[in-house]
2 protein chains.
Amino acid sequence: MAACDTCVVRNRAICAGLANDELAALNNIGRRRNLEPGEPLIWEGDESVLVANVIEGVLKLSSSTEDGREQIVGVVYPSDFIGRPFAGAAGHSVTALTEARVCVFARADFDRFASEHPKLEHKLLERTLGELDRTRKWMLLLSRKTAQEKVATFLLEMSDRLLETGCEGPTLGPLRKFDLPFSRQQVADVLGLTIETVSRQMTALKRDGIIGLPTRRSVEIVDRTALEDIAG
Amino acid sequence: MAACDTCVVRNRAICAGLANDELAALNNIGRRRNLEPGEPLIWEGDESVLVANVIEGVLKLSSSTEDGREQIVGVVYPSDFIGRPFAGAAGHSVTALTEARVCVFARADFDRFASEHPKLEHKLLERTLGELDRTRKWMLLLSRKTAQEKVATFLLEMSDRLLETGCEGPTLGPLRKFDLPFSRQQVADVLGLTIETVSRQMTALKRDGIIGLPTRRSVEIVDRTALEDIAG
DNA sequence: CGTGCACTTGAGGCACGTCAACGTTCGTGG
DNA sequence: CCACGAACGTTGACGTGCCTCAAGTGCACG
């Protein structure tokens, strides 16, 4: 009980809407876990034994070909749900990008609990449907957009998503300035590009005065309209 | 009642597990609809007013950029679910590829019914989670595989999926010979390629004796092992 | 027997990948 | 505090896989 009481995502995660006694029961089968940047939580192909809620931080979902080409297939933020309930093997790895705190459940326990609590399943369904929408939108970007459009779209999406989840403190409207939770290599893996191409496109946007790059990880959106035009 | 009784997907679609009286209630709010090849059911960006079950046929989910580049973000088969319950606008169009029969519901009616029937929501959740897995797997293909690998993977997937759904009558093991429900242009839209590249890759596979192309729409997998090797 | 559409084939160009060198930041220990 | 090395990022030269544009070819229709 104590843990959920003070949980910052209490009203946004799938736990929202549960009564106090239900929440206590859920808390009983879960435990907190802290992750360091780069620390894996789930490995691609492993049997699905773990599900979790993100409390704090950013994590990547990634999938690789046998010969080592990697693609980041999703990025999760606080209040997002991780893992594959009700079935077999994990289709992708889950790795922390920043320091992160998650609320972990054994899948078997979670499955049972979910089956007995339709409200929780409903929340999970809404979340999964939303994630599917976002994933499909990203497919269009991966296959049909140019490198320039990809990078511009990525920067805009980051400025929105980091805001929503309050990673960067209170600000009004989309963020103008923020720190990327990604290395250049990881940006490349999100966009289906190489590190060199990402670097070149970022430099080009900077040269044209559309963005600023004060430090390695930070981005400033100088001309949002221009960026939106490029994103297409 | 009558309609569901004889429904071929009765035990595979999300309706599976409903008691007879529940099914009758669901049947009351739905209606059958037939679609011709190329006929649209839902338009991208429209408000989400319609959801449906596929009874027969194959449909595509597609999304486009403003300047007309299209990407097929999903393909649905009999017993699959179509549409976006519980929320706003449709993220993609839905169009019949073959003659199709679907079971359509007004979204408001369906949302209400679902909220009152946890078993149905559970089925829908399992289906959505599965679809999300498949979609993420496809992202890796779109961004990191070569044209050759894409076409090989596509042909293998088709031979599996057409079998599962019984579109092609009873056969044992994956299909050796089947008719594509796609034109070359549509294959290109699934794989994020151009029509010319798809054509060249198909011809190359034929030249190497790995597949046969008896007619425009039909494919014969001659050397499945070789095809799997290429698919990567 | 034309007419039209889907598909194939070819020639050429370009966006992005590859390979390689260089610059910058950051941690570590002398 | 600075010296050093490793990791990360940038920049350049070059190659190539796929796209673009354009001209066939074959099949289905009246």
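Just so it is clear: chains get the letters A, B, ... in the order the sequence lines come, proteins before strands, and each one is counted from 1.
Summary of the strand contacts: Thr197(A) and Phe182(B) both lie near DNA chain C, and taking for each the nucleotide with the nearest heavy atom, the more 5' one is attributed to Phe182(B). Checking Lys145(A) against Leu213(B), the closest nucleotide of DNA chain C that is more toward the 5' end is the one next to Leu213(B).
Donor-acceptor pairing under 3.5 Å, judged by distance alone, is present between the side chain of Arg200(A) and the base of dT18(C). Not a single donor-acceptor pair, N or O on each side, falls under 3.5 Å between the base of dC8(D) and the side chain of Arg184(A). The base of dC19(C) sits within donor-acceptor range of the side chain of Glu196(A), with an N or O pair under 3.5 Å.
When heavy atoms are screened at a 4.0 angstrom cut-off, Thr215(A) is found touching no nucleic acid atom at all.
Counting to the nearest Å, the P atom of dA15(C) and the CG atom of Leu191(A) are 18 Å from each other. Atom CD1 in Ile195(B) sits roughly 12 Å away from atom P in dT20(D) (whole-Å rounding). Atom CZ of Arg216(A) is separated from atom P of dA7(D) by 12 Å (rounded to the nearest Å). In this structure, Leu180(A) atom CG and dC8(D) atom P are separated by 15 Å, rounded to whole Å. Between Arg217(A) atom CZ and dT25(C) atom C1' the separation is 12 Å, expressed in whole Å. At whole-Å resolution of the value, CG in Leu193(A) and C1' in dC18(D) are 15 Å apart. Whole-Å rounding puts the Glu149(B) CD to dG17(D) P distance at 12 Å. In this structure, Leu142(B) atom CG and dC18(D) atom C1' are separated by 15 Å, rounded to whole Å.
A donor-acceptor pair shorter than 3.5 Å cannot be found between the side chains of Glu44(A) and Ser62(A).
The side-chain heavy atoms of Phe178(B) and Ile221(B), taken from C-beta on, include a pair separated by under 4.5 Å.
Considering all non-hydrogen atoms of both residues, Leu124(A) and Pro85(A) come closest at CD2-CG, 4.1 Å. Shortest non-hydrogen contact noted between Arg144(B) and Glu149(B) is O-OE1, 4.4 Å.
Counting only heavy atoms from C-beta on, Ser199(B) has its side chain closest to dT9(C) among dC19(D), dG17(C), dT9(C).
A distance of 6.5 Å separates CG of Leu59(B) from OG1 of Thr98(B), quoted to the nearest 0.5 Å.
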